[in-house]
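Please read the structure below before turning to the comments.
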Amino acid sequence: MDCVYYFLGFLLLAARLPLDVAKRFHEVLSNERPSAYMRNHNQLNGWSSDENDWNEKLYPVWKRGDSRWKNCWKGGCVRAVLTSDSPALVGSDITFVVNLVSPRCQKEDANGNIVYEKNCRNDTDLSPDPYVYNWTAWTEDGNWGNGIDQSYYNVFPDGKPFPYPPGWKKWNFVYIFHTLGQYFQILGRCSVRVSINTANVTLGPQLMEVIVYRRHRHTFVPIAKVKDLYVVTDQIPILVTMSQKNDRNSSDETFLKDLPIKFDVLIHDPSHFLNESAIKYKWNFGDNTGLFVSNNHISNHTYVLNGTFSLNLTVQAAVPGPCSLPSSRPPKPDPSLGPAGDSPLELSEIPDARCQIYRYGYFKATITIVEGILEVNIIQMTDVLTPVPQPENSLMDFIVTCQGSIPTEVCTIISDPTCQLAQSSVCNPVDMDNNCLLTVRRAFSGSGTYCLNLTLGDATSLAVTSSLISVRGKDPASPSRMANGVLISVGCLMIFVTVVTVMVYRKYKEYKPIENSPGKLAKDKGLNALFNLAKATFSRGSQEKDPLLKNQPGIV
């Protein structure tokens, strides 16, 4: 009888032996095991417990540092890149994306095979076989995917069969996702996407791990492992961008007085969880202007004093949700509540009542307000008349005024009429008085229409103005041509006067003898007056002054 007991004990031990040596998912995917509380209370829809058995025969397990990792892929190693749209507001969905990066000159074709890229490698390195892995031929060869062996090979590590949607044979990679003591397995190509709802996920940072297998005829081979942290929070993730006209550097949180600052609130909600929520933005700009509440994510505010201010923003979202069921026992009356009709219990008992969960997001910043250049204007444009002709360039003076602080530099960019293609760029330091009046002289290459961008700047601000400039040519009406025309006209006039004078003189001499008489003196005075008039007319052009450069500020 004792022998029978020993024999039965041996059979029981032998029956338990495979269970004891079989690997579990948590042993393959991670050495970190979550507590029983996390496994029981963080149930993810469609995920399975990592206490399930792992089919090591069909999906071999290699530890870190195993030499087989180096030869698991032809031509090098495959790298897996795991990203997510974390952080996620609790209750929303978070999406994970895994992308496989193949060795150089390898890519996935339309059928899911891995092929060599054409014209990528040197001629000596080209393989006569264009395929790195021709899985299409493998699935068509033998019983892969067909016949009685299909149920054995086309299964996941836990033994569940593959899904068979149209085109499933092109999915040649098996991805195993693991987090919170649970796993999710999926077929895919070189890129897969998995989403989970965070309603039951513990707040804070969590770890997601992924292991990737590729087909190898009737088995699968591990090719990559990757892990990444993601965050679940009960505060709305927000980002505030601050911008201002004429501000030189918006990233230093230093802005200008007397100009509006634009505040734009960006809510990180990639799954659109808050689309049906009523959102309010409560601003306190820190300058004793009070609390400003708005439904718009964009707000403008102008600081009228210099100094340092503490900015505070609270974003409130009323998220629609199901009402909680009333408890079996009525709650004790609370004297702090109002009338019984306003109690939360009665609200929850109303059929089809829509309850709300309030979520908040916070932003704080310290900004500095300083003086700056508020505005710049071009009030006058004039051509520059030069004594020496310059046919290759046309000079123009621009009289510029500004408001605000005094600039320390002036820059101009001369472009084509569309203001897109820059032709020249010049910057000069300036030393101006408190009147902020400046003359800027610039050269233009020939006649035509130009776009002029003029910028006045100091340490904290940049003020810009633009204008289209029409530059006239020098050929028909240039100052040198006009002067030459005046000289030619005066010369012709002098010749005509001289000829007439000689003719009159000869005629007078023929009929009246020369004698000392009052008439001779009158004739001499008339000739002298005529000569002086011609001389004055001839020399007037050389005495012309440029009236546009009188009483103007310094030129740069």
Side-chain angles (χ1 to χ4, degrees), residues 38 41-45 47 82-97 177 179-180 193-208 228-244 250-253 255 260-287 289-301 303 309-324 344 347-348 353-367:
M38 293 184 61
H41 291 80
N42 294 283
Q43 294 298 319
L44 302 177
N45 186 27
W47 291 54
L82 172 63
T83 58
S84 71
D85 52 17
S86 167
L89 180 64
V90 62
S92 67
D93 291 343
I94 185 171
T95 299
F96 301 88
V97 177
F177 290 78
T179 188
L180 301 172
R193 180 185 302 264
V194 171
S195 297
I196 61 174
N197 186 268
T198 60
N200 296 325
V201 177
T202 305
L203 300 181
Q206 307 293 345
L207 182 67
M208 176 65 76
D228 191 28
L229 288 175
Y230 64 97
V231 177
V232 178
T233 176
D234 59 351
Q235 294 188 5
I236 303 173
I238 61 175
L239 173 67
V240 179
T241 62
M242 298 176 282
S243 60
Q244 183 186 43
S250 59
S251 62
D252 62 359
E253 296 185 346
F255 299 94
I261 305 174
K262 178 182 177 182
F263 301 91
D264 191 356
V265 184
L266 304 176
I267 296 180
H268 181 73
D269 184 28
S271 66
H272 310 293
F273 175 66
L274 299 177
N275 272 12
E276 303 299 325
S277 303
I279 301 178
K280 293 183 179 180
Y281 304 86
K282 302 178 180 180
W283 295 92
N284 186 342
F285 296 102
D287 57 351
T289 56
L291 183 67
F292 178 71
V293 181
S294 172
N295 294 327
N296 195 336
H297 65 95
I298 296 178
S299 180
N300 294 287
H301 186 73
Y303 289 86
F309 302 91
S310 296
L311 172 71
N312 287 275
L313 167 67
T314 300
V315 178
Q316 174 187 290
V319 184
C323 297
S324 59
L347 285 177
S348 63
R354 293 182 60 84
C355 297
Q356 294 177 333
I357 300 175
Y358 288 95
R359 298 296 182 189
Y360 299 89
Y362 304 96
F363 174 81
K364 295 182 179 181
T366 301
I367 62 177

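When a residue number appears, it is its place in the shown sequence, counting from 1.
The closest side-chain heavy-atom distance from His268 to Leu239 is not below 4.5 Å. For the pair Ile279/Ile267, a side-chain contact is recorded, criterion being any heavy-atom separation below 4.5 Å from C-beta on. The side-chain heavy atoms of His301 and Leu311, taken from C-beta on, include no pair separated by under 4.5 Å. Using a 4.5 Å heavy-atom cutoff, the side chains of Leu203 and Val90 are in contact. A 4.5 Å side-chain heavy-atom check between Val232 and Ile94 finds every atom pair outside the cut-off.
In this pair, Trp47 and Phe177 present their aromatic rings perpendicular. The plane angle is above 60°, beyond the 30 to 60° band. Ring geometry, Tyr360 versus Tyr358: the interplanar angle falls under 30°, so the pair is classed parallel (tilted spans 30 to 60°).
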Residue pair Asp85, Asp93: steps toward the side chain to side chain contact (heavy atoms under 4.5 Å, CB included) verdict: CA-CA 9 Å; Asp85 52 17; Asp93 291 343; over 6 Å; no
Test ring pair (Phe, Tyr, Trp, His ring centres under 6.0 Å) applied to Phe309 and Tyr303, step by step: CA-CA 9 Å; Phe309 302 91; Tyr303 289 86; 4.9 Å; yes
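Nearest heavy atom pair, residue Thr198 against residue Leu89, reads OG1-O, 3.3 Å. Scanning both residues, Ser92 and Ser271, for their nearest heavy atoms gives CB-OG, 3.4 Å.
If you run ring-ring contact (aromatic ring centres under 6.0 Å, His included) between Trp283 and each of Phe263, Phe363, Phe292, only Phe263 comes through.
If you check the side chains of Ser294 and Asn296, you find no donor sitting under 3.5 Å from an acceptor.
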